[in-house]
Amino acid sequence: MSEFDAIVVGAGPAGTSAASKMASSGLNVLLVERGDPPGSKSVSGGILWGRELSNLYPDWEKSAPLERFISNKVTGFLTEDSYVGIDFKTKKFEREKTGYSVLRTRLDGWMAKKAKEAGATVITGITVDGLAWEDKKVVGIRQADDTITSDVVVLAEGANPRVAIDEGLRAPISDKDVAIGIKQVVKLSEQTINERFNLRNGAGLAAEFSLGFLKNGVMAGGFLYTNKDTISAGVVIDIAGLRKDNKTYSFDIMDQFINHPYIAPYLENGQLQEYSAHLVCEGGINYVPKLYGNGYVIAGDSAGLSFSNGMVIQGMNYAIASGISAAKAAVKCKEKGHYGESDLAYYDELMQHSQAIEDMRKFKGITGVTWSPMIHEFLPKFAENVLHDMFYETGEPKKHLFEIAMENLIGSRYDKKKLLLESYRMMRKM
Ligand SMILES: Cc1cc2nc3c(=O)[nH]c(=O)nc-3n(C[C@H](O)[C@H](O)[C@H](O)COP(=O)(O)OP(=O)(O)OC[C@H]3O[C@@H](n4cnc5c(N)ncnc54)[C@H](O)[C@@H]3O)c2cc1C
């Protein structure tokens with residue numbers, strides 16, 4: 001007889017959702033988190049998109065530690081001298097509340113508390129070393145010399161899933177599957193943030209930028225998200241390019257972003273509260289492993305369930321959804337009294353029809369666009385030059401926009417065949 005019905009490894013959104021759902025359905029659950037408190041090891045941008053939490057807690061918008069609802073979405077291009085952006089504001093987001101900025105130190109703590117209230121046992125400050133096996137079935141977890149047994153283990157370790165990899169349950173990570181994320185949380189007063197970003201009544205901004213000022217083929221995106229009285233500012237860097245150019249360091253890219261002439265004023269006189277780094281899952285559908293086996297399931301980032309198209313990163317919502325689905329499968333197994341591979345296949349069945357997997361299938365190969373030199377090198381410079389030439393009054397006869405655009409296109413050193421191919425790919429994949 002096992003000590004627990006289920007053990008969950010990791011108290012991120014995937015793990016806490018799974019633990020909460022299983023415990024509230026009557027399972028005896030242990031949730032193990034290496035950080036103490038939960039959230040202390042977590043990094044996310046972070047905008048919580050979607051409404052997955054309502055499937056766990058109907059009153060989540062009143063009780064969860066949400067910072068601001070997103071009313072303003074910016075997609076921008078930065079060059080050394082310029083900023084070009086699409087600035088989308090809508091009252092519709094105010095009514096729909098489709099995204100909230102969150103701070104993971106607070107959100108993870110709240111979600112772990114909810115799992116505990118639902119009846120799960122939560123232990124923190126413990127790193128799970130591996131799994132315990134018996135007759136080719138996972139029967140629990142190992143930590144130092146101890147084994148704790150359970151009928152099922154939910155692996156929700158995040159983007160660096162050491163246990164799943166070491167136990168041979170998923171492929172190791174390669175450069176193309178992950179990016180490096182670096183993030184700062186900068187303290188400013190609520191009033192200053194409202195004034196600088198032109199925000200009112202709890203509204204917030206989520207902005208993503210392509211960093212067109214980087215050299216030597218290094219590619220990165222930047223983000224600025226407003227919280228109540230802090231700003232989350234960070235970069236997400238393509239590892240392959242960074243590895244090729246061994247003169248650029250990830251922290252330099254972060255410094256260049258926050259000191260950019262059109263970013264720095266937003267953060268001016270702010271006080272640095274947090275500085276963190278983390279892997280970001282970018283591998284897409286091909287990076288998703290088999291989600292279940294004899295006595296275990298894999299959820300959230302550990303299963304590569306994350307989406308990015310350069311204008312938005314989503315992972316927390318997929319993590320919550322997959323945690324809930326993993327829990328549903330475990331509850332069904334408990335009812336049957338059997339947690340074999342074919343029983344846990346129900347988790348896979350749920351996930352194959354989920355938004356997460358459908359999105360990832362549909363946007364297969366999107367990283368070929370998000371990490372293309374066209375987005376990070378050609379477009380920022382091209383947009384800057386065209387707009388500059390359009391608005392710069394020379395006293396000479398004016399040119400049509402088409403003429404200006406063609407001159408800049410022909411004048412650009414960017415390979416035109418490559419540009420055509422990449423543009424076509426962008427239209428198809430975006
Ligand atoms: C810079 C950055 C920006 C991002 N921006 C966004 C965004 O704006 N919106 C969005 O939706 N997503 C965003 N993401 C992605 C999002 O953070 C992840 O998809 C999400 O956190 C995945 O949740 P998870 O529960 O699977 O994993 P995690 O949140 O990583 O949680 C895993 C937990 O497991 C614990 N753990 C790991 N190994 C062990 C072990 N062996 N024993 C015990 N505990 C262990 C960790 O300490 C951690 O608490 C961003 C990610 C990064 C890095």
Side-chain angles (χ1 to χ4, degrees), residues 1-32 50-58 111 114-122 128 131-141 148-157 161 163-164 167 169-170 288-305 317-358 360:
M1 172 110 176
S2 304
E3 291 158 270
F4 290 90
D5 293 319
I7 297 177
V8 182
V9 182
T16 46
S17 301
S20 191
K21 178 83 184 162
M22 289 189 289
S24 62
S25 307
L27 270 65
N28 182 15
V29 180
L30 175 67
L31 172 60
V32 189
R51 309 189 63 79
E52 270 67 23
L53 271 182
S54 64
N55 297 323
L56 282 176
Y57 315 116
M111 289 186 72
K114 294 297 267 184
K116 205 171 172 178
E117 282 167 10
T121 303
V122 182
V128 172
L131 298 175
W133 294 81
E134 229 175 73
D135 299 331
K136 297 191 177 162
K137 179 181 184 304
V138 172
V139 291
I141 55 165
I148 310 176
T149 56
S150 66
D151 292 325
V152 63
V153 173
V154 178
L155 288 165
E157 312 163 71
V163 173
E167 297 288 350
L169 307 183
R170 69 148 307 134
V288 177
K290 186 175 168 216
L291 296 173
Y292 66 100
N294 213 357
Y296 74 88
V297 290
I298 310 179
D301 271 10
S302 294
L305 301 173
N317 52 340
Y318 292 180
I320 295 167
S322 66
I324 295 173
S325 295
K328 283 183 181 165
V331 171
K332 209 168 173 193
C333 288
K334 168 85 178 170
E335 284 160 10
K336 286 201 271 181
H338 201 252
Y339 293 81
E341 183 163 352
S342 57
D343 308 292
L344 288 164
Y346 181 54
Y347 169 52
D348 187 60
E349 204 182 308
L350 292 174
M351 288 309 295
Q352 293 309 324
H353 297 100
S354 68
Q355 182 207 345
I357 295 284
E358 282 192 12
M360 292 177 79

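Between Tyr339 and Leu27, the shortest heavy-atom distance links the atoms OH-CD2, 4.4 Å. When all heavy atoms of Ala23 and Ala120 are compared, the pair lying nearest together is CB-N, 3.6 Å. Summarising the geometry of Thr16 relative to Gly12, their closest heavy-atom pair is OG1-O, 2.7 Å, with the distance given to 0.1 Å. Heavy-atom minimum distance, Met360 versus Tyr318: CG-CE1, 4.4 Å. Taking all atoms of both residues into account, the shortest heavy-atom contact from Arg170 to Pro161 is CD-CG, 3.6 Å. Closest heavy-atom contact between Val29 and Met22: CG2-CB, 3.7 Å.
With hydrogens and angles disregarded, a donor-acceptor distance shorter than 3.5 Å links the side chain of Tyr347 to the backbone of Ile298. Ser2 places no side-chain N or O within donor-acceptor distance of the main-chain N or O of Thr149, the cut-off being under 3.5 Å. For the pair Asn28 (side chain) and Glu3 (backbone), a donor-acceptor distance under 3.5 Å is present. Using modelled atom types, no side-chain atom of Ser325 and backbone atom of Ser322 make a donor-acceptor pair closer than 3.5 Å.
Checked against Val153 for a side chain to side chain contact (heavy atoms under 4.5 Å, CB included), the options Leu30, Val128, Ile141 give a single hit: Ile141.
For the atom pair NZ (Lys334) and CG (Asp5), the distance works out to 3.5 Å, reported to the nearest 0.5 Å. Remark: Glu117 CD to Lys114 NZ distance equals 5.0 Å, nearest 0.5 Å. The line from CG of Asn55 to OG of Ser17 is 9.5 Å long, rounded to the nearest 0.5 Å. Between Asp343 atom CG and Lys336 atom NZ the span is 3.5 Å, to the nearest 0.5 Å. Summarising the geometry, atom CG belonging to Asn317 is positioned 12.5 Å from atom CZ belonging to Arg51; distances are rounded to the nearest 0.5 Å. With rounding to the nearest 0.5 angstrom, the CG atom of Asp348 is 5.0 Å from the CG atom of Leu291.
Sorted by first and then second residue, the salt bridge (charged side-chain N to carboxylate O under 4.0 Å, His left out) pairs involving residues 16-31 (not counting sequence neighbours) form an empty list. Counting only residues at least two apart or in different chains, salt bridge (charged side-chain N to carboxylate O under 4.0 Å, His left out) contacts with residues 321-332 are absent.
For Tyr57, the ring-ring contact (aromatic ring centres under 6.0 Å, His included) test picks out Trp110, with sequence neighbours left out. Lys116 meets the salt bridge (charged side-chain N to carboxylate O under 4.0 Å, His left out) test with no other residue; sequence neighbours excluded. Under the salt bridge (charged side-chain N to carboxylate O under 4.0 Å, His left out) criterion, Glu349 pairs with no residue, sequence neighbours left out.
For the pair Ile357 and Leu305, the minimum side-chain heavy-atom distance is below 4.5 Å. Between Leu31 and Thr121, every side-chain heavy-atom pair lies at or beyond the 4.5 Å cut-off. With a 4.5 Å cut-off on side-chain heavy atoms, Leu169 and Pro289 do not count as touching. The shortest side-chain heavy-atom distance between Leu131 and Leu155 falls under the 4.5 Å cut-off.
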Could you go through residues 132-140 and list every donor-acceptor pair under 3.5 Å that involves a side-chain atom there, pairing it with any protein atom two or more places apart or in another chain?
unit_1	atom_1	unit_2	atom_2	d
Trp133	NE1	Glu167	OE1	2.8
Lys137	NZ	Asp151	O	3.0

